Visitor: 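Mind looking over this structure? Questions follow.
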Amino acid sequence: MANAASGMAVNDDCKLKFLELKAKRTYRFIVYKIEEKSKEVIVEKLGEPAQTYEDFTASLPENECRYAVFDYDFMTQENTPKSRIFFIAWSPDTSRVRNKMIYASSKDRFKRELDGIQVELQATDPTEMSLDVFNSRVL
């Protein structure tokens, strides 16, 4: 089903991998890419459960937009372990305007396909999605 705003379809694998992350915690993160030729969102990279936040940020390209989902583990102030699923719209200032526009116009529909997102972040540089930002959004 193509998105009316941008004409982007969502590959079924995107939803399947997200459900595995959410229900079984099979992955730490998923990086999604819009394939402009086929006009669909695809899974670009899957992070293993043992991978870290640093592995996640290293998997985002410096000059291109991406969508990503990160399963963030943290301790509450009562010392209880919890996790939250973050949706990150990565749109670096250095990416092409066309690239930013395609990602911006497809974001809401794509996000609706991923049922269970708890926190959303928009980031144009790494400081906007630092661990401090993650912690401020969950505690």
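Starting from 1, each residue takes its place in the sequence as its number. Note that the coordinates shown come from a computational prediction; the quantities given were computed from them, not determined experimentally.
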Visitor: Given R109 and E113, is the salt bridge (charged side-chain N to carboxylate O under 4.0 Å, His left out) satisfied, shown in steps?
Guide: CA-CA 7 Å; R109 175 168 183 294; E113 296 283 338; 3.0 Å; yes
Visitor: Measure the CD-CG distance between E40 and D12 for me, rounded to the nearest 0.5 Å.
Guide: 9.0 Å
Visitor: Taking all non-hydrogen atoms of both residues into account, name the closest pair between L139 and M75 and its distance.
Guide: CD2-O, 3.4 Å
Visitor: Using a 4.5 Å cut-off on heavy atoms from C-beta on, say whether the side chain of D71 contacts that of S83.
Guide: yes
Visitor: Determine, step by step, whether V133 and L121 satisfy the side-chain contact (heavy atoms from CB on, under 4.5 Å) criterion, reporting the C-alpha distance in whole Å, the side-chain angles of both residues, the deciding distance to 0.1 Å, and the verdict.
Guide: CA-CA 9 Å; V133 172; L121 286 180; 3.8 Å; yes
Visitor: What distance do E128 atom CD and S91 atom OG have between them, rounded to the nearest 0.5 Å?
Guide: 9.5 Å
Visitor: When you look at N11 and V41, which way does the side-chain contact (heavy atoms from CB on, under 4.5 Å) test go after all the steps?
Guide: CA-CA 6 Å; N11 187 297; V41 182; over 6 Å; no
Visitor: At their closest point, which heavy atom of L114 faces which heavy atom of C14, and how far apart are they?
Guide: CD2-O, 4.0 Å
Visitor: Working to the nearest 0.5 Å, report the span between CD1 of I102 and CE of M8.
Guide: 5.0 Å
Visitor: Within a 6.0 Å radius of atom NZ on K82, are there more than 12 heavy atoms belonging to other residues, nucleotides or ligands?
Guide: no
Visitor: Step by step, would you call V69 with F18 a side-chain contact (heavy atoms from CB on, under 4.5 Å)?
Guide: CA-CA 8 Å; V69 173; F18 177 76; 3.7 Å; yes
Visitor: Closest heavy-atom contact between I30 and V43?
Guide: CG2-CG1, 4.0 Å
Visitor: Mind checking the OG1-CG spacing from T26 to L16? Nearest 0.5 Å is all I need.
Guide: 11.5 Å
Visitor: Would you please test D73 and R28 for salt bridge (charged side-chain N to carboxylate O under 4.0 Å, His left out) and show each step?
Guide: CA-CA 10 Å; D73 294 325; R28 170 67 55 203; 2.9 Å; yes
Visitor: Only pairs under 3.5 Å count here: list side-chain donor-acceptor contacts from residues 56-65, not counting sequence neighbours, and write none if there are none.
Guide:
| from | atom 1 | to | atom 2 | distance (Å) |
| --- | --- | --- | --- | --- |
| T57 | OG1 | Y53 | O | 3.4 |
| T57 | OG1 | E54 | O | 3.1 |
| S59 | OG | F56 | O | 2.6 |
| N63 | OD1 | T94 | OG1 | 2.8 |
| E64 | OE1 | R66 | NH1 | 3.2 |
| E64 | OE1 | R66 | NH2 | 3.3 |

Visitor: Look at the side chain of S105 and the backbone N and O of M101, then say whether any donor-acceptor pair between them is shorter than 3.5 Å.
Guide: yes
Visitor: With hydrophobic residues grouped by side-chain heavy-atom distances under 4.5 Å, do I88 and V10 end up in a single group?
Guide: no
Visitor: How about T127 and D125: does a side-chain donor come under 3.5 Å of a side-chain acceptor?
Guide: yes
Visitor: If two hydrophobic side chains count as joined below 4.5 Å and joins carry through other members, does V119 share a cluster with L131?
Guide: yes
Visitor: Determine yes or no for a side-chain-to-main-chain donor-acceptor pair under 3.5 angstrom, with T76 supplying the side chain and T80 the backbone.
Guide: yes
Visitor: Does either side chain, that of Y27 or that of E20, offer a donor lying less than 3.5 Å from an acceptor on the other one?
Guide: yes
Visitor: Could you pull out the closest heavy-atom pair between K111 and F87, with the gap in Å?
Guide: CD-CD2, 3.7 Å
Visitor: Working to the nearest 0.5 angstrom, can you tell me the gap between E36 CD and N99 CG?
Guide: 6.0 Å
Visitor: For the pair I34 and Y67, evaluate side-chain contact (heavy atoms from CB on, under 4.5 Å) and give the outcome as yes or no after the intermediate values.
Guide: CA-CA 9 Å; I34 291 179; Y67 301 128; 3.9 Å; yes
Visitor: Would you confirm whether the ring centroid of F86 sits within less than 6.0 angstrom of the ring centroid of F70?
Guide: no
Visitor: Using a 4.5 Å cut-off on heavy atoms from C-beta on, say whether the side chain of Q122 contacts that of K107.
Guide: yes
Visitor: If you take all heavy atoms of R84 and V138, which pair is closest and at what distance?
Guide: CG-CG1, 3.6 Å
Visitor: Step by step, work out the salt bridge (charged side-chain N to carboxylate O under 4.0 Å, His left out) result for R137 and D132.
Guide: CA-CA 9 Å; R137 297 296 294 273; D132 288 341; over 6 Å; no
Visitor: Under 4.5 Å between side-chain heavy atoms, counting indirect links through other Ile/Leu/Val/Met/Phe/Trp/Tyr residues: same cluster for F29 and F134 or not?
Guide: yes
Visitor: Check whether E44 reaches the backbone of Y32 with its side chain - one donor and one acceptor, N or O, closer than 3.5 Å.
Guide: no
Visitor: Mind checking the OG-NZ spacing from S106 to K39? Nearest 0.5 Å is all I need.
Guide: 9.5 Å
